[in-house]
Structure formats: structure tokens, C-alpha cells
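See below for the structure under consideration.
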Number of protein chains: 2
Amino acid sequence: MTVLILTCEEDVTADMVVVHLNGAGVPVVRVDPADLTGGVALSGEYVHGRFRGHLSAGGRLVSIGGLRSVWVRRPGTPAARAAQPSAWLTEEAAQALYGMLRGSDARWMNHPDAAVRARHKPWQLRLAQRCGLPVPATLITTFPRAAREFAERYPDLVVKPVSGAHPQDPPRAVPTSRVAPDTDFSAVAFGPTLLQRRIAKRADVRLTVVGERMLAALKATAADADPDEVDVRFAAPGPPWQPADVPPRVATGVRAYLREAELAYGAFDFAEDADGTWWFLECNQSGQFGFVEVETGQPIARTIAEWLARPVPEEPSRVNGSNATVR
Amino acid sequence: MTVLILTCEEDVTADMVVVHLNGAGVPVVRVDPADLTGGVALSGEYVHGRFRGHLSAGGRLVSIGGLRSVWVRRPGTPAARAAQPSAWLTEEAAQALYGMLRGSDARWMNHPDAAVRARHKPWQLRLAQRCGLPVPATLITTFPRAAREFAERYPDLVVKPVSGAHPQDPPRAVPTSRVAPDTDFSAVAFGPTLLQRRIAKRADVRLTVVGERMLAALKATAADADPDEVDVRFAAPGPPWQPADVPPRVATGVRAYLREAELAYGAFDFAEDADGTWWFLECNQSGQFGFVEVETGQPIARTIAEWLARPVPEEPSRVNGSNATVR
């Protein structure tokens, strides 16, 4: 049984996982969908009620029925590097590749449907609430009046994008910023705006979850930190990330979250306040983990490799791949 | 409790359903996401573990918690008609609107995740097989040799797109065509190609399913029909669509298909052969039904209205909308 990794050519994070899979003698095929129909070929036959499919990449032929897991890391746009790329060829190649893989019994990290759903920040906040994780008071609105009233109730606010990264090429991260006390909210009418009560944090928390395993890291807020630097991605480096224990209530909430979200991998961001409460900020279903592993020494890549390498459980074949995400 | 219809301005099919909802006194709000952030506004607040959200359209304000169902008909691209449209605004508006709606308890026809998954033809074929529906022998391949071998085994073939419509603006339907006996398959290497054994059909079947209700219509193949005209969408008009009974085995398979696909609505296309076997061709989760209703008099619009109008069942709130699609 083979592990299929869908990612682009230059992906050192995938390399870290491949090293562990190779070390364990687990067969791996690495495919960039952008190489369809150049270096990557596929074929699937539906005859007499059965399906037999194959993928060919880098001179290797692998049976789709023989896949134990699929890791969707950073796949390129299907057929983007074809001799004559076009929107039509991309659509055909995407449907053919993912359509065949979706019919397989392989375990997904993460299933494409779960991944799309998990990107919706408003859905994340609601799910976190339902799972009992503390969520800072948040407003997403196009009503200037609603924004003004919210700012009266919660005078210390941050603003951040609803969707995450700006879709330029390459995508650009938009930092979370503090809202000035005298802000005029009339421009809210022109685009949905996410306002959130600022957590006076004593640390940023990154909780990486792989299957059932939780690996938490904590980065203390420097005593002399600029309170206007609310986004750890853009702040001055400060103290290093350090391994941390996960409070039991958080662990329970996070487990429920991933189960409902049907995610096998999730990178949670929390802000820890002075009382030690972890406030849910977001869960990135494809969050980077290399920087945490390097600073903390936590074996995230190895844990992912172990999850991918697990044999397919012998249970009745499931038609719906998205139900089969977290086993 | 209100029915939310997401569709573009000019949609006579939606109009047909709205007539029935109005007749039954069921509150309806019609929203085109393209009108964000012009005629359509939204707001959602996450405070103290609870969510309160609202949509405003056409001067009406509706609570997201008060939605009984969402019908995703033909929604426009979010914020496409904003004063200053951009990819960024579209992304923000899409995430805000669908992110909030995904967190609601409303029933979906169809849920966006189920809709995306259901578009994958290779997945459709596999699911149909697993549900016991007869599927014509099919090959999807980029290997010319596989295509040649398949054509030797099944000399009478049709070719059709893997993905459906060509993504030009407006999208263009690509007809299914017969494959000439002496075809050179070398070009298969440049793009995935779907080859399928041609069914010598005596009728086309359109089976429209709304929740549990099945409405089948049959269009007999004219005795003098050109055998090269395999695609009913492009063939000469011929005999009209007529109501038909659904064979019990087909009904069982179709019910299983929609349950696994988590679809509340599906338009199935079958080809009926001389033995009366219905061969599965595809299931379009957003297939048009107006032409069938007009020719057969089958009450499809009314059935959809009844499905949308059903009260939300009192069961424990489900976090994952896609599990809640078919109730």
C-alpha cells in the first residue's frame, strides 16, 4: 500500500515527511497535479461494476486501489505545466484526477471537501463555540451601524480579513491590526469586515494536531512588546516557540472540533491571556509546521508520516470519502 | 421560518418555485450573492458562545437562525455587481456569506460541499456502480495505448468531456459524440479523455428526484433517428417527454446514490436499451427541470417548494452542514 503526496515540486515540508516514510520503508509516490498531462498520467476503467485506476509519475505506476492514504499538501493547479495549458484542460484534469481519487478508499489528510469547508472563518468561529472553545467576541458585518455599536461595547478591537490571504499571485497574508478608538466605520458598507475583541495576550499558542496526537507550542509575549503588534506573523521575533501542555478542556474542545470538521490535520492558533485561558483565533487545515518543529524539536513530520503510513483499516468500503477522513 | 433562495436575477425556474411558496404562505427571501455589498448586506455576531446573524435584501431583514432551508439555484459570483468589484472583495464576500450560512441549521438543496463533490464524473460513475446502477463500460485516460485496447474490446464508443461544460463565458455544453472506428488515439496523451460504450437506446430517461420523490420522464428515440446523434441535448426534437414509472431496482439504486451523495435534489440521465435496462449516464445536482415540467405536466416545482417549506425537524443541532443535507 502506497502513500500518495499531492504537492508542488519545491516543498521542503513534504521532504521532511518523506524522509520518515522512506526510513520506515513505506512506498511513497509524489505527484504535482500541475504535471498532468506531462510527467503525470492517469487512467481509470469502469467495467462490470468495478473500477481499476492507475497513476503514473516519475516513471512509477501506482494503482489507485492500492493507495493507503493521500496527503494534500501544496498541490499545483492541475495541468498548469502542460504543453498547452488552458482553463478547459485544467478543469478536465482536475475532475479526472480528484474524481478518481475521491472514489478510492484511501484515508485523506485532508479530504478536499473538508478542506474547503474548514477555510470559512465564520464557520470556524461557530464550530469553535459549539465545541466549547472560548471565542473572543467577534462581529462580521457590512452594516456600519452594527460596527459602531460593537465598538462601543468592545472598545479594544482588532480587524482582520474574513478570508485569510489576499488572492494576488503569490497570495499575500493580510496582518491583523488594532482598530483606533476614533475609527469611522462607514467604509464597512463596501466589504464584509471582521472585528474582534483584542485579547491582552501573554503568549501565542500554536497547537498542531495530527490525527489523535496534539503538539502544542507557546511563544511568550515579550515584556516590552509593542501592544499594536497583535499579529505574531508580523511581530518582532521575541522569545522562541516552546513545547507546552494542552489544558484538558482545550483538548476536549479541539478533538470535537476536528471530528465535526472531518479533519485529520489542523493547526490551531490561540491567544493565551493573563488568566491562562486559550482564546480560539483560527484553525488552519493546511497550516505550516516546519518552523514549530525546528524551534521546539517536536516530531510533527514524523507524526504525520506515521498517520499516513497506518494501514487501511479493514472495515466495509465507504462510498463517501469525506466520512472517511478521520479514522 | 423563511426559505432562502440563492440565485441570479433572471431565473424563471426559481420563479416557478416561488409561486408555489407564495401560494402556501411560506416566507421567501431571494438573494443574489452578486449584489453583495450593494443591495444585499449581512451581519453576524459571535458573543458569549452564541451566534446571531442577519441578511438584508430588497429591503427585508431575515435572521440566519430563522432560515428553514436554503435553495442554491444559480447564485451569481459574490460581490460581482459591487461598486468596485475585485477578486479580493469576491473572496471576502463569499467567505462571509457562505461561512455564516454553513453554520446555520437550515436544510440545504443542495449543500455546497455535496454540490462540488457531485460534479465529479469519475466519482459519479464509481458511486453509481456501488449503488448497483448499471454503468456502461467507461475509460478515462491519458494513455493512448489504454484507449486503443479499450476500443478493441468495445468497438462502438462515444466520447464526452470529463468535466461537463466548457468554462468559457457563458459556459458551453460539449456534446457527446460517436468515436469513428479508425480513430487515432494518440492525442489522448494531451488531455484526459472519457470513452464510453455506446448504448443502443430506445429512449432517453430523465429522472428528477426531490427528497424522497421521484419523477421520471422518457423520450422515445425516433425510429428514423440518426444513430450518430447520441446527445439528446443536440438531437432533432423527436417525440415529446412523457411521464414514466421507475423500475424498482433503479429506485433502490437512486435512493442509495442520493443518500451517499448527500443530495436533496438530483437530475439523473439514463439511456434505456432494447431490453428495458436503464443505463446510468450521469446525475446533475443542479439539472434544469423546467422543460420536463412543461412537456410532462409533472409537478416538479411544487415538489421542490414543498421540500423547501418543510419545517426544520426538532433534532439535536448538527454542526456539520453536509451531514444535514438530506433529512
Side-chain angles (χ1 to χ4, degrees), chain A residues 36-37 41-51 79 82-84 87-89 91-96 98-100 102-103 113 116-117 119-123 125-127 129-130 135 137-143 146 150 161-163 166-167 189-192 260-262 317 319-320 322, chain B residues 36-37 41-51 79 82-84 87-89 91-96 98-100 102-103 113 116-117 119-123 125-127 129-130 135 137-143 146 150 161-163 166-167 189-192 260-262 317 319-320 322:
Chain A
L36 276 166
T37 52
L42 55 77
S43 199
E45 189 181 287
Y46 304 75
V47 171
H48 301 312
R50 300 189 72 84
F51 170 72
Q84 298 189 354
W88 169 244
L89 181 57
E91 186 64 15
E92 290 280 291
Q95 295 276 333
Y98 290 103
M100 285 188 203
R102 280 162 174 271
D113 295 333
V116 167
R117 184 173 52 215
R119 283 185 54 227
H120 291 80
K121 189 84 62 82
W123 177 85
L125 295 172
R126 185 73 193 111
L127 180 54
Q129 283 184 333
R130 284 177 163 171
V135 174
T138 305
L139 178 74
I140 301 171
T141 198
T142 64
F143 289 98
F150 193 74
V162 180
S163 57
H166 194 288
F190 300 107
E260 292 291 344
E262 300 179 299
S317 146
V319 173
N320 176 356
S322 82
Chain B
L36 277 164
T37 51
L42 55 75
S43 198
E45 189 181 286
Y46 305 76
V47 172
H48 300 313
R50 303 189 70 84
F51 170 71
Q84 297 190 354
W88 169 244
L89 181 56
E91 186 66 14
E92 290 280 292
Q95 295 275 333
Y98 290 103
M100 283 188 204
R102 281 163 173 270
D113 297 332
V116 167
R117 184 173 56 212
R119 284 186 54 226
H120 291 80
K121 190 83 65 78
W123 179 85
L125 296 172
R126 186 73 192 111
L127 180 55
Q129 284 185 332
R130 284 176 164 170
V135 174
T138 305
L139 178 74
I140 300 171
T141 197
T142 64
F143 289 98
F150 193 73
V162 180
S163 57
H166 194 288
F190 299 107
E260 291 292 343
E262 299 179 297
S317 144
V319 173
N320 175 355
S322 84

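Source: prediction; values computed, not measured. Chain letters run A, B, ... following the sequence lines, proteins first and then strands; every chain starts at 1.
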- Query: Can you say whether A/A146 sits under 4.5 Å from chain B via the side chain, the backbone, both, or neither, judging by heavy atoms?
  - Reply: side chain

- Message: So A/P192 and B/L89, do their side chains get closer than 4.5 Å, heavy atoms only?
- Response: yes

- Note: vs chain A, highest number of non-hydrogen pairs under 4.5 angstrom among B/G99, B/A93, B/A96 is B/G99

- Query: So, the side chain of A/Y46 versus the backbone of B/P122: is there a donor-acceptor pair under 3.5 Å, distance only?
  - Reply: yes

- Which atoms of B/A82 come close to chain A, meaning under 4.5 Å heavy atom to heavy atom: side chain ones, backbone ones, both, or neither? neither

- Message: Closer than 4.0 angstrom, basic N to acidic O: yes or no for A/E91 and B/R119?
- Response: yes

- B/F150: partners by ring pair (Phe, Tyr, Trp, His ring centres under 6.0 Å), with sequence neighbours left out: B/Y154

- Distance from B/S43 atom OG to A/L139 atom CG, nearest 0.5 Å? 4.5 Å

- Item | Expected output: side-chain B/Q95 to main-chain A/V162 donor-acceptor under 3.5 Å | no

- Query: Relative to chain B, which segment of A/R50 carries a heavy atom at a distance below 4.5 Å: side chain, backbone, both, or neither?
  - Reply: backbone

- Query: Side chain, backbone, both or neither: which part of A/A83 has an atom under 4.5 Å from a heavy atom of chain B?
  - Reply: neither

- Looking at A/Q84, A/H48, A/K121, A/E92, which has the largest count of heavy-atom pairs under 4.5 Å with chain B? A/E92

- Which heavy atom of B/V47 sits nearest a heavy atom of A/Q129, and at what distance? N-NE2, 3.8 Å

- Item | From CZ (A/R102) to CH2 (B/W123), nearest 0.5 Å | 8.0 Å

- Query: How long is the gap from CE on B/M100 to OG1 on A/T141, to the nearest 0.5 Å?
  - Reply: 7.0 Å

- Checking A/T142 side chain against B/L42 main chain: does a donor-acceptor pair fall under 3.5 Å? yes

- Which distance, rounded to the nearest 0.5 Å, do you find between the CD1 of A/I140 and the CZ of B/F51? 7.5 Å

- Note on the structure: The reported gap from NE2 in A/H120 to OH in B/Y98 (rounded to nearest 0.5 angstrom) is 9.0 Å

- Message: Taking every non-hydrogen pair under 4.5 Å, which of B/A79, B/G44, B/A41, B/A137 racks up the most with chain A?
- Response: B/G44

